[in-house]
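I have placed the structure first, in the form of structure tokens, so that the comments after it can refer back to it.
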Amino acid sequence: GSGIAVQGEHLLNPRTGTPAGRQNRVWAFAPTAAAADALSTAFFVMEDAAIAACCASIPDIGAAVTGADGRLVITGITAPA
């Protein structure tokens, strides 16, 4: 997972070099812990639609994003097959 609750705005958008604009938390599901860690950081700087498109294009990954209303939105895989 990635977020700003513990370490503050430490995640930077690589396109701008500024802190990522997301204020909620993001989790990634992947076959390995290393892949999930990398994906959660990438997802944190991506728009929700881009996260959904990424998860749709790669069958064995998924994401969970907390929305502005605090609800959890899950995209891609949600459980082992």
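What you see is a predicted model, and the numbers here were worked out from it, not measured in a lab.
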Minimum heavy-atom distance between [X] and [Y], given as atom pair plus value:
X	Y	answer
Asp60	Pro31	OD2-CG, 3.1 Å
Ala28	Leu39	CB-CB, 3.7 Å
Phe43	Trp27	CD1-O, 4.4 Å
Gly76	Cys55	CA-CB, 4.0 Å

- Item | OG on Ser40 to CD1 on Ile61, rounded to 0.5 Å | 11.5 Å

- Query: So, Thr66 side chain and Arg25 main chain: donor-acceptor pair closer than 3.5 Å or not?
  - Reply: yes

- Heavy atoms, side chains only, cut-off 4.5 Å: are Asp48 and Val65 in contact? yes

- Should Pro59 and Ile77 count as side-chain neighbours, where that means a heavy-atom distance under 4.5 Å? no

- Would a hydrophobic clustering, with Ile, Leu, Val, Met, Phe, Trp and Tyr connected at side-chain separations under 4.5 Å, put Ile58 with Val26? yes

